[in-house]
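In what follows, every chain begins at residue 1, and chains take the letters A, B, ... in the order their sequences are listed.
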2 protein chains.
Amino acid sequence: MEKKCIGVDIGGTTVKIGIFQVDGTLLEKWEVPTRKEEQGRFILPDVAASILEKLKKMGIEPDQVAGAGLGVPGPVMADGYVEVCVNLGWKDMNPKAELSGLLNGIPVFIGNDANVAALGEMWQGGGKGYHDIVMVTLGTGVGGGVIIDEKIIAGRHGLGGEIGHIHVRDEETEHCNCGGMGCLEQVASATGIVREAKRTMEAKTDPSAMRVFGQRITAKDVLDCAKDGDVMALEVMDTVGRYLGLVLAQVALTVDPQAFVIGGGVSKAGQFIIDVIDKYYKKYSVISDNKGILTLAKLGNDAGIYGAARLVLG
Amino acid sequence: MEKKCIGVDIGGTTVKIGIFQVDGTLLEKWEVPTRKEEQGRFILPDVAASILEKLKKMGIEPDQVAGAGLGVPGPVMADGYVEVCVNLGWKDMNPKAELSGLLNGIPVFIGNDANVAALGEMWQGGGKGYHDIVMVTLGTGVGGGVIIDEKIIAGRHGLGGEIGHIHVRDEETEHCNCGGMGCLEQVASATGIVREAKRTMEAKTDPSAMRVFGQRITAKDVLDCAKDGDVMALEVMDTVGRYLGLVLAQVALTVDPQAFVIGGGVSKAGQFIIDVIDKYYKKYSVISDNKGILTLAKLGNDAGIYGAARLVLG
């Protein structure tokens, strides 16, 4: 009987868990709440108990499980050590070793959640069929994951794929969460798009369909207005696309992947957002026409469990 | 008896060849001229004949040779195929397979010369002891090589490590050799430093020690003046350092190496050039103090033969 692998994606509110066949077929997925009290000490026992119960219910014996993968929202050392994970309250622990113990010795593999999601998209999502991809997640922030030869480039200090904090804008005057100023995330995240739209509306007196939303405008509103041809919204998205295209070109000239997979809430704008970015991606990488393509992510919030399960396959 | 490996670095004027022990000890190095006539068809036979003669003279039997590595000045596909190599006149050939045939079946490994030099610096140069480095060569152009887990990231289209063509300067009005505008190479190569110095001298009337060199000023002159505290030369090098630091920060936030190894003619300025870059590298990567260090290359023009020999070890 074909072996199974388990993917666990620990978020700040819920833990997503999936059981997969090694060919990438998702057999079952479910969620458990993330209990953050007492430095998050219940999280892994909750996860383990839930997995063991599910395996039993599905009639899967422990020796049919190749392993479990774990995506955590913070930096992870190569040996699985987590110095601190603010979102979960974790400090100075090794969730890889701990979960393996709780699962009666099933091998556990671990990675940072953004990197793990990138691996998931490579395996069964927008990057399926490729071996080298860079994932760009445009959500509340801008996340990234670099996959080369089907392996995560986590970096020696956990900074691999942190493309949201690449400096792009010298004239920025506000600080980013990272402490920097002018990070990609400050303009290209959903939050960044909203801020850029508000700034543009304030700086100009021209009419715009965006004005009806006032201070409660969302990134989706900006994108919808731009798609409808609103000049000011198009200008905002052009700025966003310029900085994203610039960073993607930089990344192409560093690791040269086969594809950039664009995900996160903002990517729901579909081909429109791809085109907005692609214009500048091409402009800033004229050295060659032969380079990685831009494509959309496909797995949505499931990318994490897919990627975590894929970690098991090495 | 310990096995040997051979490193071959094909340049536009000479081919450098070295015979190494697998522990990285250089036993012998020499050069042969690069005969570019007739589409460079004599280059590999010349190299092979020279190697076989040297092995004989040194009393090394073919079965004591683990293999030969080859660095070529152009893009190389993973299977060794070279579509075109302008500097050598090569077109549509597989130098890896060809050289192996000429060397009576000794296994041959191949890579782009900038990437191979980076591997050499990792093995026995400024990056010795590290597994993940990015090499930055500041010469006539700006070259780069990304090494992760002791392997070259060549990229799927040969663009891996092409950091000299990362766009950094919007206000640039001249074209780069690559067809782009505002590439790092246009300001941070030896040529770029000279151009920046000339532009600054033209734009200002202030006195400067650089003025004595007039139009024949070299990058070394600019660096020497800056080291001596000349205000205008320091301003030029500050601009150079800003763009280099920006790109290194971008690369750190993409692949997060243990060290950046700075080589090429400009790096002869030593710790001064490191400090100039480091100031901005830190400024543009405030997200973490824990990141790759900046250090100087050590192998000079021998980096290519070291790296080529290292290719053999996998």
Side-chain angles (χ1 to χ4, degrees), chain A residues 75 78 83 130-134 144-146 148-149 151-168 170 175-185 242 245-247 249-259 280 283-293, chain B residues 75 78 83 130-134 144-146 148-149 151-168 170 175-185 242 245-247 249-259 280 283-293:
Chain A
E83 194 185 338
Y130 297 122
H131 310 282
D132 301 350
I133 71 152
V134 173
V146 179
I148 301 293
D149 261 346
K151 301 256 182 312
I152 291 170
I153 306 282
R156 288 286 162 168
H157 319 85
L159 299 177
E162 281 288 352
I163 65 168
H165 298 289
I166 287 179
H167 176 88
V168 292
D170 288 335
H175 278 283
C176 178
N177 291 330
C178 77
M181 223 183 243
C183 293
L184 177 65
E185 176 164 307
R242 177 153 54 88
L246 175 63
V247 166
Q250 291 165 351
V251 174
L253 294 168
T254 305
V255 293
D256 185 19
Q258 295 168 292
Y280 288 100
K283 173 175 173 173
Y284 292 127
S285 57
V286 295
I287 188 172
S288 175
D289 291 333
N290 193 15
K291 56 200 165 198
I293 58 152
Chain B
E83 194 185 339
Y130 298 122
H131 310 283
D132 301 350
I133 71 152
V134 172
V146 179
I148 300 294
D149 261 345
K151 300 255 185 310
I152 292 169
I153 306 283
R156 289 285 164 171
H157 319 85
L159 299 177
E162 281 288 352
I163 65 167
H165 298 290
I166 286 179
H167 176 87
V168 291
D170 287 337
H175 279 283
C176 179
N177 291 331
C178 77
M181 223 182 243
C183 293
L184 176 65
E185 175 164 308
R242 178 153 52 90
L246 175 63
V247 166
Q250 292 165 353
V251 173
L253 295 169
T254 305
V255 294
D256 184 20
Q258 294 168 293
Y280 288 100
K283 172 176 172 173
Y284 292 127
S285 57
V286 295
I287 187 173
S288 175
D289 291 332
N290 192 14
K291 57 200 164 197
I293 58 151

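- Interface remark: Ile163(B) contributes backbone and side-chain atoms alike to the contact with chain A (heavy atom separation under 4.5 Å).
- Only the side chain of Asp170(B) comes within less than 4.5 Å of a heavy atom of chain A; its backbone N, CA, C and O stay farther away.
- Counting heavy atoms from C-beta outward, Ile166(A) and Thr254(B) have side chains that approach closer than 4.5 Å.
- Comparing Val251(A), Val134(A), Asp256(A), Ile287(A) by heavy-atom pairs within less than 4.5 Å of chain B, the highest count is held by Asp256(A).
- Contact of the Arg156(A) side chain with the His131(B) side chain is registered, since non-hydrogen atoms from C-beta on lie closer than 4.5 Å.
- Two residues are said to be in side-chain contact when any heavy atoms from C-beta on lie closer than 4.5 Å; Val255(A) and Val255(B) meet this criterion.
- Scanning both residues, Leu159(A) and Lys291(B), for their nearest heavy atoms gives CD1-CB, 3.8 Å.
- For Ala249(B), no part lies under 4.5 angstrom from a heavy atom of chain A.
- Counting heavy-atom pairs closer than 4.5 Å to chain A, the top residue among Val247(B), Val286(B), Leu253(B) is Leu253(B).
- In terms of non-hydrogen atom pairs under 4.5 Å with chain B, the most contact-rich of Gln250(A), His165(A), Glu162(A) is Gln250(A).
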